[in-house]
Amino acid sequence: MNEKNQTSVSEIVLLGFQNLHNFKIPLFSLFLLIYIMTVWENVLIIVLVSSSRNLQSPMYFFLQQLSVSDLLESTSIVPILLQTVINEGAPVSIVGCITQLYFFCSLEAFECLLLAVMSYDRYVAICIPLSYSSIMSHRVCVTLILISLVLGFGITMISVNLIGTLQFCHQNIINHFFCDFFPLLELSCSDTFLVQLEAIIVTIPVVICPFILITVSYMCIAHAILKIVSNTGRQKAFSTCSSHLAVVSIFYGTLIAIYVAPSRNQSQTMSKVLSLLYTILIPMLNPLIYSLRNKDMNDALKNL
């Protein structure tokens, strides 16, 4: 390798969305508005669940953790996104880029596990209602959250440590608005086979296993709902898990479209648009999906 290629890169440039021209200020304003709404909505849910006696059930405890996760994930992405829009690019140090990747991937992994825990909670509530209080005690709920956090942040640390051993040579431009996994690997002049293999292995406990648990839980829930004789009973049972099902569908749908089965003809712009969906739109939509038709949430908001 020649001397130019041996030069170590200390800074990465995120291109973001290029050639915005007259759309720069409107797009910046839109992203900023979405972020402000995301912060307001998720903080509101955190405060409501903490302060309202009617929201002390496991379902709302898990919803509160989801809001914390969405808030942190959005905060790790949006500031850099806004900088790339207004300046048509943003310089980030290698350490800063890997740090952003770590927090983003850790929060994504935690959310996968959390959604699985929430589906299990709905399974117990609908299929084993008489034992719900004893199975989903506060101690059990806290333990499940701690396990999800340790797994999410711990397993991601392995991947990040491997990325930290890679060398980055003369190329330092990423055509994205944040430091995502595959665009960062493409910059490396080292062999990335081991990192990619480890990433595939990691998806088994943090993505595939939770997805299987969610699928099995909802199969059992659907079977239990179909056994209910009255239409009113069926609607009431389904309404308790419909919001979670919607969130899971959007979350895993975008995740699969970007990372698992991307289209061969998918352009870089389309990839960035899909990334916008799960990095800034989903954190804003989740509180709306959960609270829009939730009587307990609306009552707590009125009392607040």
Side-chain angles (χ1 to χ4, degrees), residues 9-42 69-108 111 160 163 168-188 192 199 247 250-288:
V9 170
S10 60
E11 189 177 76
I12 288 175
V13 177
L14 298 170
L15 293 182
F17 294 92
Q18 295 291 297
N19 303 317
L20 295 174
H21 305 300
N22 295 333
F23 293 100
K24 185 186 296 185
I25 299 301
L27 204 58
F28 177 87
S29 304
L30 176 63
F31 291 154
L32 181 60
L33 178 62
I34 290 173
Y35 179 63
I36 291 170
M37 289 180 64
T38 301
V39 172
W40 182 80
E41 290 169 4
N42 285 289
S69 176
D70 284 338
L71 183 60
L72 292 175
E73 182 182 326
S74 184
T75 301
S76 70
I77 298 295
V78 175
I80 294 294
L81 169 62
L82 293 175
Q83 192 177 344
T84 61
V85 170
I86 205 70
N87 297 326
E88 293 194 356
V92 184
S93 67
I94 286 287
V95 175
C97 192
I98 294 176
T99 301
Q100 185 192 44
L101 177 67
Y102 171 67
F103 281 105
F104 170 73
C105 290
S106 297
L107 291 166
E108 286 288 293
E111 192 157 331
V160 169
I163 292 174
F168 296 90
C169 303
H170 61 286
Q171 294 184 13
N172 72 328
I173 295 175
I174 294 179
N175 188 13
H176 215 317
F177 58 85
F178 75 102
C179 295
D180 204 358
F181 182 76
F182 289 112
L184 185 59
L185 288 191
E186 289 174 1
L187 288 188
S188 176
T192 61
V247 169
I250 297 171
F251 180 80
Y252 271 98
T254 53
L255 211 61
I256 290 169
I258 296 172
Y259 296 111
V260 180
S263 170
R264 291 181 180 179
N265 298 323
Q266 183 174 296
S267 65
Q268 191 66 37
T269 302
M270 180 57 67
S271 177
K272 285 187 278 189
V273 170
L274 287 172
S275 296
L276 280 176
L277 180 61
Y278 76 89
T279 54
I280 71 167
L281 284 180
I282 288 180
M284 182 192 72
L285 291 175
N286 282 349
L288 294 175

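The basis for the numbers below is simple: all heavy atoms, side chains too, and nothing from hydrogens, waters or symmetry mates. Remember, it's a predicted structure, so these values are computed and weren't measured experimentally.
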Which residues share a side chain to side chain contact (heavy atoms under 4.5 Å, CB included) with Thr99, sequence neighbours left out: Val95, Phe103
Under the criterion side-chain contact (heavy atoms from CB on, under 4.5 Å), I'd like the reasoning laid out for Glu108 against Leu255: C-alpha separation, chi angles, the key distance, then a yes or no. CA-CA 10 Å; Glu108 286 288 293; Leu255 211 61; 3.7 Å; yes
Pairwise distance CG(Leu27) to CG(Leu32) - rounded to 0.5 angstrom: 11.5 Å
For Leu72, side chain to side chain contact (heavy atoms under 4.5 Å, CB included) partners two or more places apart: Val68, Leu107
Partners meeting side-chain hydrogen bond (donor to acceptor under 3.5 Å, both in side chains) with Tyr278 (sequence neighbours left out): Tyr259
So how far is it from Glu41 CD to Leu71 CG, rounded to the nearest 0.5 Å? 11.0 Å
Rounded to the nearest 0.5 Å, the CG atom of Leu285 sits from the CZ atom of Phe251 at a distance of 13.5 Å
Are side-chain heavy atoms of Leu101 and Leu184 found at a separation under 4.5 Å? yes
From Leu187 atom CG to Leu185 atom CG, the distance as rounded to the nearest 0.5 Å: 9.0 Å
Residues at least two apart in sequence or cross-chain that pass side chain to side chain contact (heavy atoms under 4.5 Å, CB included) with Val247, listed by chain then number, are Leu115, Asn286, Ile289, Tyr290
Using every non-hydrogen atom in the two residues, find where Ser93 and Gly96 come nearest and quote the distance to one decimal. OG-N, 3.0 Å
Heavy-atom distance under 4.5 Å between the side chains of Ile174 and Val92, does that happen here? no
Could I get the full list of side-chain hydrogen bond (donor to acceptor under 3.5 Å, both in side chains) partners for Thr75, not counting sequence neighbours? Tyr35
Name all residues meeting the side chain to side chain contact (heavy atoms under 4.5 Å, CB included) criterion together with Thr279; count only those two or more places apart in sequence or in a different chain, and write none if there are none. Ile77, Phe104, Phe177, Phe178
Once rounded to the nearest 0.5 Å, what's the spacing between atom CE of Met37 and atom OG of Ser74? 12.0 Å
Between Ser76 and Glu73 (side chain of the first, backbone of the second, donor and acceptor by atom type, cut-off under 3.5 Å), is there such a pair? yes
Do Ile34 and Val78 have side-chain heavy atoms sitting under 4.5 Å apart? no
Excluding sequence neighbours, so at least two apart, what forms ring pair (Phe, Tyr, Trp, His ring centres under 6.0 Å) with Phe31? none
Under 3.5 Å, which donor-acceptor pairs do the side chains of residues 11-18 form with other protein atoms, sequence neighbours left out?
unit_1 : atom_1 : unit_2 : atom_2 : d
Gln18  : NE2    : Leu15  : O      : 2.5
Gln18  : NE2    : Glu88  : O      : 3.2

Listed by chain and number, what are the disulfide (SG to SG under 2.5 Å) partners of Cys97, not counting sequence neighbours? Cys179
side-chain hydrogen bond (donor to acceptor under 3.5 Å, both in side chains) filter on Asn175, not counting sequence neighbours, yields Lys272
Measuring from atom CG of Leu30 to atom CD1 of Ile25, what distance do you get when rounded to the nearest 0.5 angstrom? 12.5 Å
Given 3.5 Å as the limit, does a donor-acceptor pair link the side chain of Thr254 with the main chain of Ile250, or not? yes
Contacts of type side-chain hydrogen bond (donor to acceptor under 3.5 Å, both in side chains), residue Ser188, not counting sequence neighbours: none
Can a donor-acceptor pair be found, under 3.5 Å and without considering hydrogens, that links the side chain of Asn42 to the backbone of Pro283? yes
Could you pull out the closest heavy-atom pair between Ile98 and Val160, with the gap in Å? CG2-CG1, 3.4 Å
